[in-house]
There are 2 protein chains.
Amino acid sequence: MNGTSAAAEDRVFAALANATRREVLRLLRDGGPQPVQALADHFAMRRPSLSEHLKVLKDAGLVSEQRSGRQRIYRLEAAPLAEVQDWLHPYERFWRDRMKGLGALLDRMPDDDRP
Amino acid sequence: MNGTSAAAEDRVFAALANATRREVLRLLRDGGPQPVQALADHFAMRRPSLSEHLKVLKDAGLVSEQRSGRQRIYRLEAAPLAEVQDWLHPYERFWRDRMKGLGALLDRMPDDDRP
DNA sequence: TTGACACGTAGGGAAACGCCTACCTATCGT
DNA sequence: ACGATAGGTAGGCGTTTCCCTACGTGTCAA
């Protein structure tokens, strides 16, 4: 039923846990598909390290690579981010309700009796 | 302007990177505020380990604790998740547009000329 | 007050992470 | 064919993560 395996979900969240990788996603979002060196120019880090980050992002499905001559063009793949948004949805009422002042009530309702 | 410091954003994403911690959030969301032992019952893990996970979640602002006698009641705090949703927003068009078949066009447009 | 209970903290160890310096392959230009 | 360029891979190394087993602290009940 659910298109996201637990392992895939884990890879996505783990990929997003690193600030460099989030910045790579932003660069691809704002700058469009780019080769590795163009991305690496934005970081105080050697290129091989960035390559490893790109591998993590690729394994999470967050970027794809397309070979063009001797360069690899990396492109943002946002589908896994849509699944992160889906993951967030059940929590949404918790920050909306709290805004309306119902939060405390709704929080305490399911907490009836437990052994 | 931005209420989220980079360090705070990092703590939130890092906290979400672990499956146990995500499950804790789900338990608090579906079961309401709970003491530590009630949460620990759901995991194949010693209670002190779960305490450490709760500390990570608390440092990220994702849960709060309230003392009640000798137990600590943990409660979901969803505000940081709202900021994750805000973080996702600029990516949203990338999965929406792709659905409509415009993705490839929009991807390539910003990628004009770079040295 | 004495024990039991709920929980956090300390400290340790295996594994993963994130960076580095070589080094290798593949492609382009001359 | 040759050097230069783009980028992945290997291996090392310090740090962090995540689990564990003690142990310490505060609270309740008898």
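Convention: sequence-line order gives letters A, B, ...; per-chain numbering from 1.
With contacts defined as side-chain heavy-atom distances shorter than 4.5 Å, the pair B/Gln37/B/Gln71 does not qualify. At a threshold of 4.5 Å between non-hydrogen side-chain atoms, the residues A/Leu16 and A/Leu62 count as touching. At a threshold of 4.5 Å between non-hydrogen side-chain atoms, the residues A/Asn18 and B/Asp10 do not count as touching. In this structure the side chain of A/Phe13 never reaches within 4.5 angstrom of the side chain of B/Phe13, judged on heavy atoms. B/Arg29 has its side chain within reach of A/Pro90: a pair of non-hydrogen atoms, C-beta onward, lies under 4.5 Å apart. At a threshold of 4.5 Å between non-hydrogen side-chain atoms, the residues A/Arg75 and A/Leu28 do not count as touching.
Nearer to the 5' terminus of DNA chain C, by closest-nucleotide assignment, is the contact made by B/Val36 (compared with the other of A/Val56 and B/Val36). Each of A/Glu65 and B/Arg70 has a nearest nucleotide on DNA chain D; the 5'-most of these lies closest to A/Glu65.
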Contact list (N/O, under 3.5 angstrom) for nucleotides 20-24 of chain C vs protein:
residue	atom	partner	partner atom	Å
C/dC20	OP2	A/Arg46	N	2.8
C/dC20	OP2	A/Ser49	OG	2.8
C/dC20	N4	A/Glu52	OE2	3.1
C/dT21	OP2	A/Arg46	NE	3.3

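Nucleotides of DNA chain D that come within less than 4.0 Å of any heavy atom of chain A span, from the 5' end to the 3' end, D/dA4 to D/dG11.
The salt bridge (Lys or Arg N to Asp or Glu O under 4.0 Å) test applied to A/Arg26 returns A/Glu23, A/Asp30, not counting sequence neighbours.
Sorted by first and then second residue, the ring pair (Phe, Tyr, Trp, His ring centres under 6.0 Å) pairs involving residues 17-37 of chain A (not counting sequence neighbours) form an empty list.
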List, one per line, each side-chain donor-acceptor pair under 3.5 Å for residues 43-60 of chain B, sequence neighbours excluded.
residue	atom	partner	partner atom	Å
B/His53	ND1	B/Arg21	NH1	3.1
B/Lys58	NZ	B/Glu65	OE1	3.1

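Within residues 10-24 of chain B, the residues approaching DNA chain D are B/Asn18, B/Arg21, by heavy-atom distance under 4.0 Å.
Among the atoms of the strands shown, none is found under 4.0 Å from any heavy atom of A/Phe43.
The ring pair (Phe, Tyr, Trp, His ring centres under 6.0 Å) test with B/Tyr91 is passed by exactly one of B/Phe94, B/Trp87, B/Trp95: B/Trp87.
Taking all atoms of both residues into account, the shortest heavy-atom contact from B/Ala17 to A/Ala14 is CB-CA, 4.2 Å.
One interatomic measurement links the two molecules: CG of B/Leu50 to P of C/dC7, which rounds to 10 Å at whole-angstrom precision. In this structure, B/Gln34 atom CD and C/dC7 atom P are separated by 11 Å, rounded to whole Å. If you measure from atom CD of A/Gln37 to atom P of C/dC28, you get 17 Å, rounded to the nearest angstrom. Between A/Gln71 atom CD and C/dA26 atom P there is a gap of 18 Å when expressed in whole angstrom units.
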